[in-house]
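See structure below.
Every number for a ligand or one of its atoms is a count from 1 in the order of the listing. All residue numbers in this chain count up from 1 along the given sequence.
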Amino acid sequence: MPKLTPHLRYLAHAQQQTLWLENVSIQQLASQVATPFYCYSKAALLNNIQDCKAAFEPNKIHIHYAMKANSNLSLLRIVAEQGLGVDIVSIGEMRRALSAGFRAQDIVFSGVGKTSAELTAAVLAGVGQFNLESKEELAVLISITDKYQQQVSALIRVNPEVIVDTHKNITTGAKGNKFGVNFNAVLPMLETAQHSAFLKINGLAMHIGSQIHTTAPYLDAIAKIKILIDKLNARGYPLTQLDLGGGFGVHYQNHPQVTSNTECSVPPHLAFNDFANAITSALPDWQGRISVEPGRSLMANIGVMVSEITYVKESQPTSFIVLDAAMNDLMRPALYQATHALIPVQLHSQTEVPSTTQLTNYDVVGPICESTDTFSKSTPLPSNVTAGDLMCFLYTGAYCAVMSNSYNSRPIAAEVLVDDAQAHMIRQAISQDELMEFERHSALNLR
Ligand code: LLP
């Protein structure tokens, strides 16, 4: 049997092969949960966390999970139980982190536009690290710490201006990106902070982008930052903390070969170890603290999105698979031209793997009334897929459910967590009725 992602496999059932996540049949799950829905494997998440810890912790690199990748409370609880810290970008995320069991001191607050209200709430909650992105933000944070007489620890996020080979919408450390400050803005910020009784700047932070497949840009950025730190040390500013951000890439193109009877071959790609070793080798005599903020690499491969085929629309020159899932449920293809492998939940075949199955190329689309609602083009799928069949998008654990919305007045999809043979609803779908509820009092006078 092809092993598709960790813990996802086809098993023989009656006259068919059907897809199972751990020991739960996706077909059976779909008889209880309306499609589309997300479904995650707890074992896959624990595996990822273990791999990540095994790579970074022996190198004394602290891990703060970037919860923007998936902030479902049940998943956060698992991450917190495993002893990781967390990276947040809003007070909504802080509330989730605290409610999931992260300690305030293990929270890093990132983000280019933290409001004064958000900074105040985070200071009062005792958030452990503020990553500052401008001198303007520094001034606001100093005034808050003065007002409440609360000590805070901050890093300055710099923009190391390195070239990262990833989609243009997810680079963050290139010239002109809105994130971080230029190198020459660091010294004046340190001078300002020196006059503060409560705010201490302990180091520098960076995050150069997402879905990065080589260590080279990290090495470039670290080398530049190291030179800056040495200069600042020499001027009497001992900086002892480095936060290197996240960005470690995963392979979405790792299409399982539903047409081949060989074990799905995973193309060689970098593992947590490669990034950990590169970081350590770039900072041989560093005595201070180092941390990283992985998001996608902990979550992407733990989940699938399950959807039902509404129509197989035969047409010329293109035939379409029209799904009941749409770009509101899974935005990555529309926003980043991302491809998530799509596989049938049932293989209509008694043979182990349909190596002889006929394939047809389809454009896979959703029902939303715009052409960006296209998941993939010319996708080879078994020719016998038909309306009513269930399909799974792979690698949809990160930046998928969290980015869903209700465009076209569509409900927000449910999320399910599988743990061995058990399945738990970890977020109910948000129905049209619930969405409309917020609009019922639109006649309310605001004055
Ligand atoms: N730290 C900071 C400050 C970040 O802004 C991010 C991601 C991370 C860490 C985690 O990066 P990761 O390890 O997940 O690559 N929605 C896009 C990805 C946006 C990433 C935003 N920042 C996507 O679906 O590809």
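- Ring pair Tyr252/His340 is perpendicular by interplanar angle, where above 60° counts as perpendicular and below 30° as parallel.
- Considering Asn59, Thr215, Ile222 in turn, Ile222 is the only one that fulfils the side-chain contact (heavy atoms from CB on, under 4.5 Å) rule with Ile279.
- Tyr65 and Glu293 form no side-chain donor-acceptor contact under 3.5 Å, judged by distance and modelled atom types alone.
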May I have a table of the N/O to N/O pairs between ligand 1 and the protein that fall below 3.5 Å, each row giving the two atom names and the distance to 0.1 Å?
residue, atom, partner, partner atom, Å
ligand 1, 1 (N), Glu293, OE1, 2.6
ligand 1, 5 (O), Lys68, NZ, 3.4
ligand 1, 13 (O), Gly247, N, 2.8
ligand 1, 13 (O), Gly295, N, 2.9
ligand 1, 14 (O), Arg296, N, 2.7
ligand 1, 14 (O), Tyr399, OH, 2.6
ligand 1, 15 (O), Ser210, OG, 2.4
ligand 1, 15 (O), Gly247, N, 3.3
ligand 1, 16 (N), Tyr336, OH, 2.7
ligand 1, 24 (O), Arg332, NE, 2.6
ligand 1, 25 (O), Arg296, NH1, 3.3
ligand 1, 25 (O), Arg296, NH2, 2.8
ligand 1, 25 (O), Arg332, NE, 3.4
ligand 1, 25 (O), Arg332, NH2, 2.9

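- A donor and an acceptor atom, one from each side chain of Asp324 and Thr310, are nowhere located under 3.5 Å apart.
- The CG atom of Leu283 sits 7.0 Å away from the NZ atom of Lys226 when rounded to the nearest 0.5 Å.
- By the 6.0 Å contact criterion, CD on Glu370 is enclosed, its count of non-hydrogen atoms from other residues, nucleotides or ligands being greater than 12.
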